[in-house]
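Taking it in order: structure first as structure tokens, then the write-up.
Here is the naming used below: chain letters follow the sequence lines, and residue numbers restart at 1 for every chain.
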Amino acid sequence: MTTIRLHNTATRKKEVFVPLDPANVRMYVCGPTVYDRAHLGNARPVVVFDVLFRVLRHVFGAEHVTYVRNFTDVDDKINATAAATGRDIRAITDETIGWYHADMDALGALRPSQEPRATDYIAQMIAMIADLVARGHAYAAEGHVLFAVESYAAYGALSGRSIEDMIAGARVEVAPYKRNPMDFVLWKPSDDATPGWDSPWGRGRPGWHIECSAMAQELLGASFDIHGGGIDLQFPHHENEIAQSACAHPEGSFARFWLHNEMLLVEGKKMSKSLGNFFTVRDLLDQGVSGEVIRLVLLGTQYGKPMDWTDTRRAEAEATLYRWRGLVTGVAPGADPDAAMVAALADDLNTPLAIARLHEMAKALGQGGGDAACFVASARLLGLLDPGLAGDRVPADVAARIDALIAARMAARQARDFAQADRIRAILTAAGVRVADSGAAATWEPGPDFDAARLDLPA
RNA sequence: GGCGGGUUGGCGGAGAGGUUACGCAGCGGAUUGCAAAUCCGUGAAGACCGGUUCGAUUCCGGUACCCGCCUCCA
């Protein structure tokens, strides 16, 4: 069996991954707060952990892996959006979840095994909070319930900082009812205009971190294998999750492996909501950048390193996929992916090395050798060269018109009327259609700047 | 200030204490009505200063610079 090694943030080391139960490998990844379109930075963990999901399925069997990714549909940002627009909260979150699915599907990400919504687990959150209070790890104060960080000796272990260090940073919310400035909210009161649920502490709503602890416990148990997310969640989100879960379920180990992807940069700066330097996955798709291209670019950097999105890389990925698809038209995937590529992925998801291996295989194919079926199977393990990702960006009637122009041009070429052939090419090129001659045949595909409207220019 | 990550050829980006990464771009060639694609060949690196070693880009220490977290964030 393939040996998987993963860099565990909790130990800061690369460790051999041995699941608690090989018949049920369990992974939890923090999903989106659903109040807006996913930006490209949000897409990185989705694609990264999708690859891990695929690798785990490959190694342990598809039916032996459970992947949970939550939707946070209770949050003050959502409340703010609702208040600002007058729209119903459920309508906002339902719509946003629909967008999220559509956009992540376009990136070729498999749907997780389960996608729980926080609002369906309020009862479990309240139960966990009550349990933490009973165990002396949390206390109620002025309608709030707070987690007492000093009650958990290992607090700060994940992010490598002590409570004293954190307080020295001193940018925590000052609240008189906190016993320690680092204590964080498990439950907070809601006024009449704010969504709330009845609880032993009055009508209120959960704090940010408790949902993941409650849902992971409910769906994966007190001990599971992998917890993933962006490195910016390491503190405080994951630190707090650990504190809650470890104290509520001391019998369990919570997540054994913590995996964190580094940030996505734009012009060298982190893409983030607060900086406002973000664009959405939908923006790119609407510009004609296929989800598969986005995916290949995202996988071009190992997940543990920051990656810069650039237009150059987008163009390179486009050219690469064009060539690869041309090599394997009509080829069905073989039974097994390339061993060297699997080894690269098993070594802490070294996707750049895996892609390099694909390049080598493609080169062999271009030279007339190689194993096309194995190449396709290998690419599929990365979620690439999937028929569903090819993208039909050209409506059938437009495609028919292009086909007619291609045929007319072919006729002109065969009549050696090259002036006419070039005129037709110019029309197609102007509309962003790439035309490629190969002997007696010609193929075409929409380029990134494809615009059907310009096909109507006079010949 | 505390904690963490990084610095590889023109660009992107890996592995390995000693032997070609890989891709893009460039250059030379093949092919081509034109163009694209494709194929062949090819130059180019390891921030800086020390140390360990027969030998370091790879290990250790220091310096500089960059980035992230400590506040909603993937």
Side-chain angles (χ1 to χ4, degrees), chain A residues 7 9 12 29-33 35-36 38-49 69 72 75-77 80 156 158-162 164-173 182 208 228-239 260-265 268-275 278 296-297 299-308 310 312-313 315-317 319-320 322-323 326-327 344 347 350-363 365-368 412-414 416-419 421-422 425-426 429 434-439 442-445 447:
Chain A
H7 182 266
T9 311
R12 280 148 245 270
V29 174
C30 289
T33 300
Y35 66 103
D36 202 1
H39 68 232
L40 190 60
N42 295 313
R44 173 125 97 139
V46 172
V47 170
V48 163
F49 291 105
R69 186 181 62 208
T72 297
D75 180 273
D76 286 348
K77 288 189 292 294
L158 179 70
S159 50
R161 58 189 88 192
S162 68
E164 293 70 42
D165 287 344
M166 298 178 212
I167 293 171
R171 275 197 282 182
V172 289
E173 184 191 354
M182 292 310 299
W208 174 32
I231 187 67
D232 53 343
L233 293 183
Q234 182 189 28
F235 186 89
H237 185 56
H238 290 159
E239 195 74 71
H260 289 105
N261 61 279
E262 255 292 351
M263 297 292 94
L264 184 115
L265 310 177
K269 291 286 185 188
K270 174 183 157 183
M271 177 183 267
S272 77
K273 290 164 186 170
S274 55
L275 287 177
F278 66 90
L296 182 58
V297 172
L299 294 178
T301 300
Q302 203 264 355
Y303 75 90
K305 294 194 169 184
M307 77 151 294
D308 214 349
T310 64
T312 303
R313 298 184 72 175
E316 284 184 15
T320 296
Y322 177 81
R323 187 176 340 118
L327 286 170
D347 184 13
N350 193 336
T351 50
L353 191 59
I355 291 167
R357 179 62 195 143
L358 288 180
H359 278 298
E360 289 174 355
M361 297 174 77
K363 184 163 189 167
L365 290 176
Q367 292 167 328
R413 283 181 67 211
Q414 276 163 357
R416 304 197 66 77
D417 181 358
F418 296 119
D422 288 349
R425 176 201 286 286
T429 302
R434 296 181 187 175
V435 181
D437 298 331
S438 57
T443 59
W444 64 271
E445 63 156 21

Length of the line joining [X]:[atom1] and [N]:[atom2], which is rounded to integer Å:
X: Gln234(A); N: A74(B); atom1: CD; atom2: C1'; result: 13 Å
X: Glu262(A); N: U7(B); atom1: CD; atom2: P; result: 12 Å
X: Met307(A); N: G6(B); atom1: CE; atom2: C1'; result: 15 Å
X: Leu327(A); N: A37(B); atom1: CG; atom2: P; result: 14 Å
X: Gln302(A); N: G13(B); atom1: CD; atom2: C1'; result: 11 Å
X: Leu353(A); N: U8(B); atom1: CG; atom2: C1'; result: 16 Å
X: Glu239(A); N: G2(B); atom1: CD; atom2: P; result: 19 Å
X: Lys270(A); N: C69(B); atom1: NZ; atom2: P; result: 3 Å

What's [X] touching, base or sugar-phosphate or nothing? Going by heavy atoms closer than 4.0 Å.
X: Gly41(A); answer: base
X: His260(A); answer: nothing
X: Ser272(A); answer: base

**Request:** Would you give a per-nucleotide map of nucleotides 30-35 of chain B, 5' to 3', where B means the base has a protein non-hydrogen atom under 4.0 Å away, S means only the sugar-phosphate does, and - means neither?
**Result:** ---BBB
**Message:** Taking Arg313(A) first and then Glu316(A), would you say they form a salt bridge - that is, a charged N and a carboxylate O separated by under 4.0 Å?
**Reply:** no
Using the side-chain heavy atoms of [X], tell me which of these nucleotides is nearest: [options].
X: Arg161(A); options: C70(B), A21(B), G15(B); value: C70(B)
X: Leu264(A); options: A74(B), A14(B), A37(B); value: A74(B)
X: Asp232(A); options: A21(B), C69(B), G23(B); value: C69(B)
X: His359(A); options: G68(B), C22(B), A74(B); value: C22(B)

**Request:** Kindly express the pairing pattern of RNA chain B in dot-bracket notation, using | wherever a base pairs with another strand and counting only Watson-Crick or G-U pairs under 3.5 Å.
**Result:** (((((((..(((.....[...))).(((((.......)))))....(((((..]....))))))))))))....
**Asked** Relative to the 5' end of RNA chain B, which residue comes earlier, Glu316(A) or Arg313(A), by the nucleotide with the nearest heavy atom?
**Response** Arg313(A)
**Asked** On RNA chain B, nearest-nucleotide positions of Gly229(A) versus Asn350(A): which is more 5'?
**Response**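 With Gly229(A) and Asn350(A) compared, the 5'-side residue is Asn350(A).
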Please report the distance separating the [atom1] of [N] from the corresponding atom of [M], rounded so that it comes out in whole Å.
N: G26(B); M: G15(B); atom1: P; value: 28 Å
N: G17(B); M: C60(B); atom1: P; value: 12 Å
N: A44(B); M: G9(B); atom1: C1'; value: 5 Å

**Prompt:** Which heavy atom in Pro306(A) sits nearest to a heavy atom in Glu262(A), and how many Å separate them?
**Reply:**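 Heavy atoms of Pro306(A) and Glu262(A) come nearest at N-CB, 3.5 Å.
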**Fill in**
Nearest heavy-atom contact between Arg425(A) and Val435(A) is NH1-O, 3.6 Å
Taking only side-chain N and O atoms of [X], does any of them lie within less than 4.0 angstrom of OP1 or OP2 on [N]?
X: Lys305(A); N: U7(B); value: yes
X: Thr301(A); N: G13(B); value: yes
X: Arg323(A); N: C39(B); value: no

**Item:** Partners passing side-chain contact (heavy atoms from CB on, under 4.5 Å) against Val48(A) (at least two apart in sequence or in another chain)
**Value:**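 Arg44(A), Tyr303(A), Leu349(A).
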**Fill in**
In this structure, CD1 of Ile231(A) is separated from OG of Ser159(A) (nearest 0.5 Å) by 9.5 Å
**Request:** Supply the atom-to-atom distance Met307(A) CE to Met263(A) CE, rounded to the nearest 0.5 angstrom.
**Result:**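 Separation between the atoms: 12.5 Å.
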**Request:** State whether the number of non-hydrogen atoms from other residues, nucleotides or ligands found under 6.0 Å of Arg12(A) atom CZ is greater than 12.
**Result:**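 Yes, enclosed.
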**Asked** Is the backbone N or O of His260(A) less than 3.5 Å from a side-chain atom of Gln234(A), with the two atoms forming a donor-acceptor pair by type?
**Response**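 No: the side chain of Gln234(A) does not pair with the backbone of His260(A).
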**Prompt:** Counting distance only, does the side-chain N/O of Glu239(A) pair as donor-acceptor with the main-chain N or O of Gly156(A) below 3.5 Å?
**Reply:** yes
**Request:** Applying salt bridge (charged side-chain N to carboxylate O under 4.0 Å, His left out), run through Lys363(A) and Glu360(A) and close with a yes or a no.
**Result:** CA-CA 5 Å; Lys363(A) 184 163 189 167; Glu360(A) 289 174 355; over 6 Å; no
**Asked** With a cut-off of under 6.0 Å to the ring centre and 45° to the axis, is Arg69(A) in cation-pi contact with Phe49(A)?
**Response** no
